[in-house]
Structure formats: C-alpha cells, structure tokens
Amino acid sequence: MARLSREDRQIALGRLQAGQSQSAIARHFHVSQSTISRLWVRFQATGSVADLPRAGRPRATTAAQDRCIRLRHLRNRFLSASSSVQALPGPHRLSDQTVRNRLHEAGLRARRPHRGAVLTRRHRQNRVQWGNQHLRWTVRNHWRHVWFSDESYFLLQRHDGRRRVYRRVNERYAPNCVD
C-alpha cells in the first residue's frame with residue numbers, strides 16, 4: 001500500500017476538517033480507511049501530521065561534524081576519508097565508512113580524477129584550426145597512414161593505488177577536481 005507524503009497528509013487533513021468522510025479520502029489517495037483514521041488521531045493528539053520520531057541506531061556524528069566533513073572535502077577534493085577521520089574533532093573516533101556515508105549524503109562521490117590539463121582558449125583555438133586544416137582528408141589518401149592506439153587500463157588486484165576526488169555530478173572537468 002502506498003505511503004502518504006507530507007503534502008498528501010496535509011491535504012487529507014484539510015478534507016477531514018472540511019467534513020469529507022474518511023472512506024472517501026482513503027479511496028482518493030488509494031490507502032485504507034484506517035490510515036486516514038490514524039492520521040486524524042495523530043493530528044488530534046499532537047497537532048501535526050509529521051512523522052513521529054522512530055527508534056533506531058543513533059547517528060555517530062552530530063550535525064556540526066557532518067558540516068565539518070562536508071566543508072573539509074569541498075575545500076580539498078583530494079582529501080581521503082581516513083585522513084579526514086583523524087582530523088575530526090569529537091569525543092570518539094569515527095570509521096572511514098561513516099565519513100564516506102556522510103559525503104555520500106552530501107552528494108559527494110569518490111571518483112577517479114580526470115587526468116590532464118584543462119584546455120585554455122588558445123588550446124581550443126589550435127585544435128579547431130587543426131581540424132579545419134584536415135577537414136578534407138580522405139581515408140584513401142591521408143588517414144590510412146595515421147596509426148590510432150587505445151590505451152586501456154586493466155585492474156588485476158583490488159587496490160589500484162589511485163587518488164580519488166570527491167565531487168558532485170557534472171563536476172568532472174571542474175578545475176578543483178582535475179588531477
């Protein structure tokens with residue numbers, strides 16, 4: 001059965017207050033009548049339709065530590081999770097995986113950095129000029145004498161020894177993410 005979003009709960013509450021029946025509201029949202037009934041009881045008891053706090057494992061980091069982790073890695077994208085753990089303030093030591101989890105929640109993923117220099121305007125102009133000069137080349141007369149190679153990298157062990165950069169989506173070529 002579908003779970004009601006916060007907006008749907010507020011709409012359902014408004015319909016209940018307007019006098020619509022619980023059964024009609026349940027049919028509209030494709031949920032059982034008891035779901036709407038529990039929503040109404042919760043609103044009368046707490047004055048809110050928000051979820052009640054749930055039991056579960058407490059977080060190992062505070063909001064301030066989460067912010068510190070995120071800012072450290074945004075300032076230095078090549079910082080490893082283990083070196084970040086050692087520099088974190090707090091009463092107890094965190095695991096590397098906890099730091100990676102907090103970075104993941106912040107939208108930062110560990111990726112291999114793009115290798116190579118960022119092209120300047122002059123580089124791009126030279127490439128366009130070279131392309132225009134070779135625009136009329138044919139396979140039969142010119143390209144047949146050019147040798148193309150594929151430099152693929154294969155990993156045989158688990159650890160490849162490469163540095164990682166923590167970056168967001170679409171930041172591959174950002175200057176602070178290029179090695």
Side-chain angles (χ1 to χ4, degrees), residues 1-114 153-155 157-179:
M1 185 170 300
R3 179 172 162 77
L4 289 176
S5 67
R6 186 177 177 92
E7 294 81 23
D8 288 343
R9 284 181 258 167
Q10 290 174 341
I11 292 169
L13 179 65
R15 288 181 171 201
L16 282 169
Q17 290 173 335
Q20 194 172 0
S21 72
Q22 291 182 0
S23 300
I25 297 169
R27 278 193 302 274
H28 174 72
F29 288 109
H30 306 291
V31 295
S32 67
Q33 182 270 333
S34 63
T35 302
I36 303 300
S37 174
R38 284 193 305 269
L39 178 70
W40 181 244
V41 169
R42 183 190 320 158
F43 176 73
Q44 289 177 328
T46 65
S48 172
V49 294
D51 285 334
L52 296 175
R54 291 191 167 101
R57 184 180 177 107
R59 286 180 70 91
T61 59
T62 63
Q65 287 175 323
D66 292 346
R67 199 169 36 254
C68 179
I69 291 168
R70 188 181 70 247
L71 288 175
R72 284 180 54 85
H73 283 270
L74 284 173
R75 289 181 183 137
N76 182 2
R77 298 296 183 99
F78 291 93
L79 190 66
S80 67
S82 59
S83 62
S84 185
V85 165
Q86 295 167 356
L88 266 177
H92 59 277
R93 189 177 187 283
L94 301 174
S95 70
D96 298 349
Q97 187 60 49
T98 300
V99 171
R100 284 191 287 273
N101 289 344
R102 297 306 174 260
L103 292 170
H104 193 263
E105 289 170 4
L108 294 168
R109 308 283 197 271
R111 302 282 188 235
R112 286 193 345 238
H114 175 73
Y153 181 82
F154 296 97
L155 181 63
Q157 273 86 26
R158 181 174 169 83
H159 180 66
D160 59 0
R162 289 189 183 175
R163 291 175 54 191
R164 299 286 190 249
V165 60
Y166 282 93
R167 63 176 176 84
R168 294 187 179 109
V169 177
N170 296 328
E171 285 186 340
R172 181 176 187 180
Y173 301 111
N176 59 346
C177 297
V178 174
D179 193 16

Distance under 6.0 Å and angle within 45° of ring axis: R77 vs Y166: no
Separation of L88 CG from Q65 CD (nearest 0.5 Å): 6.0 Å
Enumerate the residue pairs fulfilling salt bridge (charged side-chain N to carboxylate O under 4.0 Å, His left out) with a member in residues 4-18, sequence neighbours excluded, ordered by first and then second residue. R9-D51
Going by salt bridge (charged side-chain N to carboxylate O under 4.0 Å, His left out), name the pairs with one or both residues in residues 90-111, residues two or more places apart or in two chains. R59-E105, D66-R102, R102-E105
Does F78 reach the side chain of P113, with side-chain heavy atoms less than 4.5 Å apart? yes
To the nearest 0.5 Å, what is the distance between CZ (R112) and CZ (R167)? 10.5 Å
Under the side-chain contact (heavy atoms from CB on, under 4.5 Å) test against I36, which residue among L13, V41, V31 passes? V31
Between CG on residue L39 and CG on residue L4, distance to nearest 0.5 Å: 7.0 Å
Is the shortest heavy-atom distance from the side chain of L74 to the side chain of L108 under 4.5 Å? yes
Output the distance between atom CD1 (I11) and atom CG (L16), rounded to the nearest 0.5 Å. 12.5 Å
Cut-off 3.5 Å, side chains only: do S80 and S83 have a donor facing an acceptor? yes
Between S21 and S23, is any side-chain donor less than 3.5 angstrom from a side-chain acceptor? no
Grab the two heavy atoms, one from R70 and one from A106, that are nearest each other, plus how far apart they are. CD-CB, 3.6 Å
Within this structure, what is the CD-OG1 distance for the pair Q22 and T35, rounded to the nearest 0.5 Å? 10.5 Å
Go through the steps to decide whether H73 and S84 satisfy the test side chain to side chain contact (heavy atoms under 4.5 Å, CB included), and finish with yes or no. CA-CA 8 Å; H73 283 270; S84 185; 3.3 Å; yes
Would S48 and T46 count as a side chain to side chain donor-acceptor pair (under 3.5 Å) here? Give the steps. CA-CA 5 Å; S48 172; T46 65; 5.0 Å; no
Where do S95 and V85 come nearest, in terms of heavy atoms and distance? O-CG2, 3.7 Å
